[in-house]
Amino acid sequence: MHRKIALVASNAPAAMEAEAELRPLYDFVDLAEAELLIALGGDGFLLHMLHQLLDQRRSLPVFGMNRGTIGFLMNEFRVEGLIDRLAAARPFLIHPLSGDITTISGERHILPAINEISLLRETRQAAKLEVMINERTMLEELACDGVLVATPAGSTAYNLSANGPILPLESEMLALTPISPFRPRRWRGALVPESTSIRFNVREAAKRPVSAVADQREIRDVKTVLVTTDRSRPLTLLFDPDQGLDERIAMEQFIV
């Protein structure tokens, strides 16, 4: 392998210790000139680095090694044999979501999300949302604490905690999952193709304010949110051959 490799680490002590071990052993380059990125930390740090690449409109394969807590998107940390591991790693393509968000005041924000885009009530009052699929109204009024749209890669995160379904990586589907729905009581969410556009219109937006969160980025007091899949900016995650993301997602369905 002759690709230029960059190494980045979170500010967690375990990640910084791992960086100190690796740096003297390999010929790393600055991120600006890298062709492959190694990220040391947890899932949150990996998402942060992926968002940085999206913001820079760069497409680098990323090999994460877990020096955080859960590490669902990470590989095991090992110092030895790193170049061989990178050469044998399996690539997985992820298409992020795009949230086109308009606030009550008319401000517009377009934010990417790798795991999910969620709408959440800001006060004690329930949010009231109109849910549209491909510009057709499917729910005139969803009264709830919130709702989210999750990718397959993000379906085991917040979506799973909200009792949403786990999506196989190759499913090319999105999970539309309510958070503590009050009305309609029997609606438990939906699965839609990733080519679907999902629009949320906030009813009584001034009285019942709602925020929109794209992974870790929040916009408050929103009026409308349009969620689509952005296939123009794919991200590539690398995994050891025996620890693929598709296998991890599949196994999550059998954890009790």
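In terms of the side-chain contact (heavy atoms from CB on, under 4.5 Å) criterion, residue partners of Asn66 (sequence neighbours excluded) are, by chain and number, Met74. Residues satisfying the side-chain contact (heavy atoms from CB on, under 4.5 Å) criterion with Asp100, sequence neighbours excluded, are Arg108, Ile110, Leu226.
When every heavy atom of Ala9 is checked against every heavy atom of Ala15, the shortest pair comes out as CB-O, 3.8 Å. When all heavy atoms are compared, the tightest approach of Asp230 to Arg233 is OD2-NE, 3.2 Å. Of all the heavy atoms in Ile249 and Pro152, the pair that sits closest is CD1-O, 3.6 Å. Here the closest heavy-atom approach between residue Leu169 and residue Ala153 is recorded as CD1-N, 4.2 Å. Looking at every heavy atom in both residues, Leu82 comes nearest to Ile38 through CD2-CD1, 3.5 Å. Heavy atoms only, all atoms of each residue included: Asn115 and Asp215 are closest at N-OD1, 3.0 Å.
The shortest distance between side-chain heavy atoms of Glu135 and Arg199 falls below 4.5 Å. A 4.5 Å side-chain heavy-atom check between Leu120 and Asp145 finds every atom pair outside the cut-off. Residues Asp240 and Phe63 form a side-chain contact, since some pair of their non-hydrogen atoms from C-beta on lies under 4.5 Å apart. The side-chain heavy atoms of Ile94 and Thr151, taken from C-beta on, include no pair separated by under 4.5 Å. The shortest side-chain heavy-atom distance between Arg217 and His109 does not fall under the 4.5 Å cut-off. Residues Gln52 and Val8 form no side-chain contact, since every pair of their non-hydrogen atoms from C-beta on lies 4.5 Å or further apart.
The only option from Leu191, Ile133, Leu148 that meets the side-chain contact (heavy atoms from CB on, under 4.5 Å) definition with Leu176 turns out to be Ile133. For the side-chain contact (heavy atoms from CB on, under 4.5 Å) with Leu129, the lone residue among Val225, Val147, Asn201 that qualifies is Val147.
With respect to the salt-bridge test (charged N to carboxylate O, under 4.0 angstrom), the residues Arg248 and Asp43 do not qualify.
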